[in-house]
Amino acid sequence: MDAIALGPVLLSLPRLYAFVAALLLLGASAWLLGLPRRAHSRWFNGLLLAWLLGARIGHVALHPDAYAAAPLDALKLWQPGYHGLWGLMAGLIWSGWMLRDHLGRLVGAMALLVVVSALWLATVTLAPFGGGMALKTLPDLALENLEGETVNLRELEGERVVLNLWATWCPPCLREMPLLAEASARDDVTVVVANQGESLLQVVRYLDDQALDFRYPLLDPHQELMVLSESPGLPTTLLFNAEGHAVEQHVGELTRAQLDRWLGQESSEP
């Protein structure tokens with residue numbers, strides 16, 4: 001699993017690891033660098049800003065096609081999409097400028113930044129608290145579409161399937177729905193949007209109001225898919241290959257770059 005639930009809030013594990021790494025860097029630098037308090041605060045606060053901006057710019061620069069279609073998505077800083085190495089370079093540049101008159105402190109700050117960044121990257125890569133995907137294959141589960149017809153998910157084997165769990169009360173769910181509708185129009189993938197626990201009227205009203213069209217809009221009144229996938233919250237999206245095996249899972253809002261990578265339009269995304 002790549003997120004944990006704190007009440008109604010979903011927190012991605014990479015961001016939690018980043019927060020812990022920032023606290024570690026704050027404590028270690030305050031203890032080891034010997035900077036005056038105000039100078040340390042100015043350096044550290046600027047470092048965080050430099051890292052975030054550098055990491056975001058790096059991610060956007062490496063995925064120009066995704067952001068060309070929706071350039072304002074680059075400003076949606078709450079979405080995933082940060083490149084750690086670009087952030088590290090921006091942080092090193094900031095540290096070099098701020099501490100240029102103190103060679104020993106400059107070297108120490110850069111060394112701390114590199115070590116903490118390496119620890120963060122190793123934690124994200126190894127995912128010690130991630131449980132993997134609980135839902136390994138398309139489940140043998142029958143749900144109803146908006147016309148009252150039964151659709152068994154297992155019968156979709158033979159085509160790639162993007163399965164999205166959502167609800168109308170969930171803001172990130174609604175933000176990613178137009179993106180999923182675009183994917184649903186493609187011929188090489190089947191998009192299933194399974195509403196969790198809401199009535200037919202609520203779902204139809206939202207889809208009609210937003211003019212969203214899906215081949216498989218389904219109702220999951222008992223939230224069986226959330227139970228099967230052990231999802232901590234919404235939205236949750238899974239990708240199944242043509243053999244019906246789960247190959248990707250994401251909890252939280254999808255980005256265009258991420259969905260493009262899933263569907264094979266881009267080769268990689270950090």
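FYI, side chains are in, hydrogens and waters are out, and symmetry mates aren't considered; it's all heavy atoms of this structure. In this text the structure is predicted, and so the values were computed from the model without any measurement.
With side-chain heavy atoms closer than 4.5 Å counting as contact, directly or through intermediates, the hydrophobic cluster containing Leu75 also holds Leu72.
Using a 4.5 Å cut-off between side-chain heavy atoms of Ile, Leu, Val, Met, Phe, Trp and Tyr, with links allowed through other members, Leu32 and Leu35 fall into the same hydrophobic cluster. There is no path of hydrophobic side-chain contacts, each under 4.5 Å, that joins Leu85 to Ile93. When hydrophobic clusters are built by joining Ile, Leu, Val, Met, Phe, Trp and Tyr residues whose side-chain heavy atoms come closer than 4.5 Å, directly or via intermediates, Phe44 is grouped together with Val116. There is a path of hydrophobic side-chain contacts, each under 4.5 Å, that joins Leu218 to Leu234. Both Leu13 and Leu52 are assigned to one and the same hydrophobic cluster, defined by single-linkage of ILVMFWY side chains at heavy-atom distances under 4.5 Å.
Between Trp262 and Leu254, the closest side-chain pair of non-hydrogen atoms falls below 4.5 Å. Contact annotation: the side chain of Asp65 never approaches that of Asp260 to less than 4.5 Å [non-hydrogen atoms, C-beta and beyond]. Side-chain contact between Phe214 and Val192 is absent, with no heavy-atom pair separated by less than 4.5 Å. Proximity of Leu143 to Val151: side-chain heavy atoms (C-beta onward) are nowhere separated by under 4.5 Å. Residues Val203 and Leu146 have side chains in contact (heavy-atom distance under 4.5 Å, counting atoms from C-beta outward). Looking at Leu33 and Trp43, their side chains come closer than 4.5 Å, going by heavy atoms from C-beta outward.
Here the CG-OG1 distance, from Asn145 to Thr150, works out to 8.0 Å after rounding to the nearest 0.5 Å.
Of the possible donor and acceptor atoms, one in the side chain of Arg105 sits under 3.5 Å from a partner among the backbone N and O of Gly34. Under a 3.5 Å cut-off, the side chain of Ser184 and the backbone N or O of Leu180 do not form any donor-acceptor pair.
With sequence neighbours excluded, the residues forming a salt bridge (charged side-chain N to carboxylate O under 4.0 Å, His left out) with Asp188 are Arg160, Arg186, listed by chain and number. By the side chain to side chain donor-acceptor pair (under 3.5 Å) test, Asn241 pairs with no residue at all, sequence neighbours left out. In terms of the side-chain contact (heavy atoms from CB on, under 4.5 Å) criterion, residue partners of Thr137 (sequence neighbours excluded) are, by chain and number, Arg154, His245. With sequence neighbours excluded, no residue satisfies ring-ring contact (aromatic ring centres under 6.0 Å, His included) with His250. With sequence neighbours excluded, the residues satisfying side-chain contact (heavy atoms from CB on, under 4.5 Å) with Leu119 are Leu24, Val115. Residues passing the side-chain contact (heavy atoms from CB on, under 4.5 Å) test with Pro139, sequence neighbours excluded: Leu135, Leu141, Leu153, Leu225, Leu228. Residues meeting the side-chain contact (heavy atoms from CB on, under 4.5 Å) test with Ser117, sequence neighbours left out: Leu88, Leu113.
Ring planes of Trp51 and Tyr82: parallel class, angle under 30° (limits at 30 and 60°).
Residue pairs meeting the disulfide bond (SG atoms under 2.5 Å apart) criterion with at least one member in residues 171-207, sequence neighbours excluded: Cys170-Cys173. Screening residues 163-181 for salt bridge (charged side-chain N to carboxylate O under 4.0 Å, His left out) gives Arg175-Glu253 as the qualifying pairs, with residues at least two apart or on separate chains. Residue pairs that meet the side chain to side chain donor-acceptor pair (under 3.5 Å) test with at least one member in residues 209-228, sequence neighbours left out, are Gln196-Asp220. Sequence neighbours left out, the pairs with a member in residues 31-40 that pass side chain to side chain donor-acceptor pair (under 3.5 Å) are Ser29-His40.
Applying side chain to side chain contact (heavy atoms under 4.5 Å, CB included) to Leu207 and the options Thr168, Asn195, Val193, Leu212 leaves one that passes, Leu212.
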